[in-house]
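First the structure, in the form of structure tokens, and then the observations on it.
As the structure lists them, so they are numbered: ligands from 1, and atoms in each ligand from 1.
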Amino acid sequence: MNKIIKITVGLKERSYDIITGQGILSNASEYLAPFVKGRKCLLLTDSNVGPLYAEKVAEMLIAAGAEAFTFPFQAGEENKTLETVGGICSHAVKCGLDRSSLIIALGGGVCGDIAGFAAAIYMRGINFIQIPTTLLAAVDSSVGGKTGADLPEGKNLIGAFWQPKLVLMDPEVFATLPLKEIRCGLAEVVKYGVIMDAPLFAKLEENTDKLNAVDLEFYTEIIARCCELKAKVVAADEREGGLRAILNYGHTFGHAVELVSNFTLAHGEGVAVGMNMAAELAVQAGLLDRAVAVRQRKLLEKLALPCTLPPGGDPEQIYTGMLKDKKKVGSRLNLIIPLDIGKVEIKSGFEPADIIKAIRCCCE
Ligand code: NAD
Ligand code: GLY
């Protein structure tokens, strides 16, 4: 029997458990039953994940006493739209879902974000459950209740805070996850080490072989630790009034890097480059030892993540891209700056020229 780990996100009446363990999907009915028994459930999944796991999860829902309906949508960020959310809600009406029904998200962050958003607005809010199938979704997007969709004007511009009732994650689904997606999730895992857990960072450094070989036992332990850290942050600052912003370490630079690379770099790859840029800015501002920035870079490199802007990348264009960030204060960027491994600070007021200089130092 594999080890099952339970972590609680403490949010008073909106508290919920994250349950993880290898093979847990085969016993999912046991965990699902308290929430779904006697209720209608709409299982939302994308066109890649559906053929692999939807039947199994639908069987588990039925075994748990639910009436299950499946709604597949075309995989990809380009489908994280209001149109898809509308399609989910219309299908929910067709299937007769009422205010006691649930939406179940089976997939990566795209699926979880739109399923959660549909749940937040359908009949003014129904319950939902997250079953993440990417590493990024397991350690980040499935926990914390940020849900939403993209607009043509930009990513995640509409959404709601809507916490799931349960997060159920089985690392065995990573067996089918493309390696590039695993690496993108690893960038977020490294992020947790840098922002708040030096022992986790050291453990990652000591076990890059296990990370690169996708050793599922080790992944289970690491995912659980990341979820514990995220749960702590979310419990302290659910709506990102302050502390929760540290989870965006590397992301303001990273989103702009993704954009300027014309999305040839994926989100996690952009975040890896962005963490290097943030560390470079911290070194140049006298806030971080160069040796610490090098340590972060070495770990990312060992995990085959990019640390620099691909050739042709223009630092000024990255800076302009960063100004589109939702989290800026007035005209100044709010940046997460590392002070050491395990310690970051939220800082604004950097001169544009200093930010551009740090970006330039991370160009190939
Ligand atoms: P994704 O959902 O697009 O999944 C990546 C790819 O992997 C897709 O093609 C998907 O079909 C495929 N896939 C998923 N699981 C699989 C499996 N087990 N086997 C085979 N293929 C599989 O992307 P993602 O990286 O999981 O999530 C990115 C999204 O998450 C973005 O939209 C981002 O804005 C959002 N996000 C949200 C939060 C939050 O707090 N809500 C946090 C971070 C990111
Ligand atoms: N992914 C950042 C957050 O959940 O706040």
Side-chain angles (χ1 to χ4, degrees), residues 9 25 44-54 56-57 72-81 84 105-117 120 128 130-151 154-164 167 169-188 191-192 195 214 216 219 226-227 229-252 254-255 258 263 266-271 326-327 336:
V9 184
L25 274 191
L44 183 71
T45 186
D46 77 24
S47 50
N48 295 327
V49 178
L52 297 168
Y53 305 109
K56 184 173 185 172
V57 173
F73 70 96
Q74 196 57 39
E77 182 75 31
E78 63 278 18
N79 299 306
K80 193 175 142 182
T81 59
T84 310
L106 171 69
V110 167
C111 178
D113 278 12
I114 52 172
F117 188 45
F128 89 113
Q130 290 269 19
I131 307 183
T133 62
T134 63
L135 180 58
L136 180 139
V139 298
D140 191 358
S141 63
S142 66
V143 175
K146 280 190 183 174
T147 72
D150 302 334
L151 289 180
K155 266 185 70 159
N156 295 327
L157 288 182
I158 40 169
F161 284 98
W162 194 248
Q163 300 293 344
V167 182
M169 55 179 76
D170 184 347
E172 284 189 0
V173 299
F174 301 152
T176 54
L177 189 62
L179 201 55
K180 185 175 165 103
E181 301 297 341
I182 298 266
R183 299 214 179 286
C184 284
L186 286 176
E188 302 285 353
K191 173 195 83 178
Y192 283 107
I195 62 172
V214 195
L216 292 183
Y219 270 63
C226 293
C227 288
L229 294 167
K230 181 150 185 186
K232 207 190 272 186
V233 172
V234 170
D237 178 23
E238 185 184 8
R239 294 197 167 225
E240 204 167 308
L243 177 73
R244 186 165 176 169
I246 67 170
L247 298 173
N248 300 322
Y249 174 51
H251 285 57
T252 303
H255 287 149
E258 238 184 302
F263 296 95
H267 174 75
E269 294 172 321
V271 168
K326 288 200 290 295
K327 287 137 191 144
I336 315 306

Between Asp46 and Val49, is there a donor-acceptor pair closer than 3.5 Å when you use the side chain of the first and the backbone of the second?
yes

Side-chain donor or acceptor of Arg244 paired with backbone N/O of Glu238 under 3.5 Å:
yes

Which heavy-atom pair separates Ile182 from Leu177 by the least distance, and what is that distance?
CD1-CD2, 3.9 Å

Counting only heavy atoms and a distance below 4.0 Å, can you name the residues contacting ligand 1?
Asp46, Asn48, Val49, Leu52, Tyr53, Ala75, Glu77, Lys80, Gly108, Gly109, Val110, Asp113, Thr133, Thr134, Leu136, Asp140, Ser141, Lys146, Lys155, Asn156, Val173, Thr176, Leu177, Pro178, Glu181, Lys230

Could you tell me whether a side-chain N or O of Tyr219 sits under 3.5 Å from a main-chain N or O of Phe174, the two making a donor and an acceptor?
no

Distance filter under 4.0 Å, heavy atoms only, around ligand 2 gives Asp140, Lys146, Lys230, Glu240, Arg244, Leu247, Asn248

Would you tell me whether His251 and Glu188 have side-chain atoms, one donor and one acceptor, within less than 3.5 Å of each other?
yes

Does Tyr249 have any side-chain hydrogen bond (donor to acceptor under 3.5 Å, both in side chains) partners at least two apart in sequence or in another chain, and if so, which?
Gln296

Treating Gln130 as the side-chain partner and Val167 as the backbone partner, does any N or O pair qualify as donor plus acceptor under 3.5 Å?
no

Pairwise side-chain contact, Asp150 with Asn156, heavy-atom cut-off 4.5 Å (strictly under):
yes

Sequence neighbours excluded, the answer for salt bridge (charged side-chain N to carboxylate O under 4.0 Å, His left out) partners of Lys180 is Glu269

